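Counting from 1, the numbers follow the sequence of the chain as shown. Given the structure is predicted, the values throughout are model-derived calculations rather than measurements.
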Amino acid sequence: MSTTTEPATQAPRGGLYVQKDSDLLLDNGEKQYVVRLRDLPAEEKPREKLVKYGPNVLSVDELLMIVLNAGTKKEGVLAMSRRLLKEYGENAVVNEKDPRKVQEALEIPLVKACQLVACFELGRRFFRHNAGRRPVTLRTASQVYEYLKDMRDLPKEHLRGLYLDSHYRLIHDEVISIGSLTSNVVHPREVFRPALEYSASAVILAHNHPSGIAKPSGADVAITEQIVAAGKILGIGLLDHVVVTRNKFESVPAEY
């Protein structure tokens, strides 16, 4: 499909515009058009739907559009919201607390990254002590795999840290890094900083293989052994490191 660098021009009907880089496209096989938020009918715009029907009827990407408010010159807010969720998953967006990391990982302006971090921090503070929340207990790799359903189809590798209390109950879930795992990217301090912050007794690591191959790589084993050794010094055990794919999982072999 060819692209064009010509300025956006209005189509004869429907308020559709010719593509700019990273815009959402409707492909009719002949011409390329972009759908912008302002082109949607009023009853389909997220803010108007929120006012009229309340938040329960909005999808996750519609709620994210409201938080981001506007896009950039290169990418409209509609396309941006959908891309963030598709490429990085909900947990990566929700759990990261450093705006600069969000900016770099999601390729969005710093002001947008700050909006996201502030929004989800409010949610954590408001609902942290929700008494009705059922605790998640993780004792086996199969339980970890079931809990991490959202990682199975992610197009990029995500390293997640699951932080447990002394009864194997989950007290914190954090995306540690996005991208291929190497010892240069994954440092023990990044793994154990949340453990110390949340007074966790143990850690379970998990990362996905977009290739669909669950067998741990040599780098997976080396990193796991490095984390195990650091955990023994800190007195915080690494219980498992699970490789997640769409249809199966496998634990990284190491002396846990």
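- Hydrophobic cluster membership is shared by Val60 and Val77, with clusters built from Ile, Leu, Val, Met, Phe, Trp and Tyr side chains linked at under 4.5 angstrom.
- Remark: the Asp173 side chain and the Tyr147 side chain contain an N/O donor-acceptor pair separated by less than 3.5 Å.
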What's the verdict on side chain to side chain contact (heavy atoms under 4.5 Å, CB included) for Val244 and Arg152, showing C-alpha distance, side-chain angles and the deciding distance? CA-CA 6 Å; Val244 174; Arg152 298 180 187 181; 3.9 Å; yes
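- Under the 4.5 Å side-chain criterion, counting only non-hydrogen atoms from C-beta, Val136 is not in contact with Leu162.
- For the atom pair NE2 of His172 and CG of Asp165, the computed distance is 14.0 Å after rounding to the nearest 0.5 Å.
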Criterion side chain to side chain contact (heavy atoms under 4.5 Å, CB included) on Asn208 and Leu159, from CA distance to verdict: CA-CA 7 Å; Asn208 61 306; Leu159 177 65; over 6 Å; no
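- For the pair Asp98/Val117, no side-chain contact is recorded, criterion being any heavy-atom separation below 4.5 Å from C-beta on.
- The nearest pair of heavy atoms linking Val221 to Val252 is CA-CG1, 3.7 Å.
- A salt bridge does not link Arg160 to Glu174: none of the charged nitrogens lies less than 4.0 Å from a carboxylate oxygen.
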Which is it for Glu250 and Lys215 under the salt bridge (charged side-chain N to carboxylate O under 4.0 Å, His left out) test, yes or no, and what are the steps along the way? CA-CA 7 Å; Glu250 190 169 329; Lys215 183 178 180 180; over 6 Å; no
Using salt bridge (charged side-chain N to carboxylate O under 4.0 Å, His left out), reason through Glu190 and Lys101 one step at a time and then give a plain yes or no. CA-CA 13 Å; Glu190 301 299 325; Lys101 289 184 179 180; 3.3 Å; yes
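- Across Ala113 and Ile108, no two heavy atoms sit closer than the pair N-CD1, 3.9 Å.
- One N or O on the side chain of His187 and one on the backbone of Arg189 form a donor-acceptor pair closer than 3.5 Å.
- Separation of atoms CZ (Arg246) and NZ (Lys149) is listed at 15.0 Å; rounding is to 0.5 Å.
- Taken from CE in Met80 to CG in Leu64, the straight-line distance is 9.5 Å, to the nearest 0.5 Å.
- Side-chain contact between Val242 and Leu148 is absent, with no heavy atoms from C-beta onward closer than 4.5 Å.
- Taking 4.5 Å as the limit, every side-chain heavy atom of Ile178 sits out of range of all side-chain heavy atoms of Glu157.
- Counting only heavy atoms from C-beta outward, the side chains of Ile176 and Val191 approach each other to under 4.5 Å.
- In summary, the side chains of Asp240 and Ser251 do present a donor paired with an acceptor at a separation below 3.5 Å, with no hydrogens or angles considered.
- Under a 3.5 Å cut-off, the side chain of His158 and the backbone N or O of Lys156 do form a donor-acceptor pair.
- Put simply, CD1 on Ile204 and CZ on Arg139 are 10.5 Å apart, with the number rounded to the nearest 0.5 Å.
- Side chains of Cys114 and Pro99 form a contact here, defined as non-hydrogen atoms less than 4.5 Å apart.
- In this structure, Leu170 and Leu164 have side chains that are in contact, with non-hydrogen atoms separated by less than 4.5 Å.
- Sorted by first and then second residue, the pairs that involve residues 215-252 and meet ring pair (Phe, Tyr, Trp, His ring centres under 6.0 Å), not counting sequence neighbours, are Tyr145-Phe249, His207-His241.
- Panel note: side chain Glu225, backbone Ala254; no donor-acceptor pair is recorded below 3.5 Å.
- Leu110 and Leu84 are members of different hydrophobic clusters when ILVMFWY side chains are connected at heavy-atom separations under 4.5 Å.
- Contact annotation: the side chain of Ile227 approaches that of Ile223 to within less than 4.5 Å [non-hydrogen atoms, C-beta and beyond].
- Grouping Ile, Leu, Val, Met, Phe, Trp and Tyr by side-chain contacts under 4.5 Å, direct or through others, puts Leu58 with Leu50, Tyr53, Val57, Leu63, Ile66.
- The shortest non-hydrogen separation linking Thr140 to Ser142 is OG1-OG, 3.0 Å.
- Within 6.0 Å of OH in Tyr168 there are 12 or fewer heavy atoms belonging to other residues, nucleotides or ligands.
- Minimum heavy-atom separation, Ala195 to Val203: CB-CG2, 4.1 Å.
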Run the side chain to side chain contact (heavy atoms under 4.5 Å, CB included) check on Arg47 and Asn69 step by step: do they pass? CA-CA 9 Å; Arg47 209 155 24 213; Asn69 186 46; 3.0 Å; yes
Report the C-alpha separation of Tyr256 and Leu239 in whole Å, then their side-chain angles, then the decisive distance to 0.1 Å, and conclude whether the side chain to side chain contact (heavy atoms under 4.5 Å, CB included) test is met. CA-CA 6 Å; Tyr256 294 103; Leu239 301 183; over 6 Å; no
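- Under a hydrophobic-cluster definition in which Ile, Leu, Val, Met, Phe, Trp and Tyr are linked whenever side-chain heavy atoms come within less than 4.5 Å, directly or via other members, Val111 and Val102 are assigned to different clusters.
- Atom CG in Leu68 sits 11.0 Å away from atom CG in Leu78 (nearest 0.5 Å).
- Within a 6.0 Å sphere centred on CD1 of Ile213, other residues, nucleotides and ligands contribute 12 heavy atoms or fewer.
- Salt-bridge check for Glu75 with Lys112: failed, with every basic side-chain N at 4.0 Å or more from each acidic carboxylate O.
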List the steps and the verdict of salt bridge (charged side-chain N to carboxylate O under 4.0 Å, His left out) for Glu197 and Lys97. CA-CA 13 Å; Glu197 180 180 351; Lys97 295 184 178 182; 3.7 Å; yes
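- Nearest heavy-atom pair, Ala200 versus Ile171, reported as atom, atom and distance to 0.1 Å: CA-CD1, 3.8 Å.
- Residue Phe192 holds its CZ atom at 6.0 Å from CG of Leu238, rounded to the nearest 0.5 Å.
- Thr137 and Gln143 get closest at one heavy-atom pair: O-OE1, 3.7 Å.
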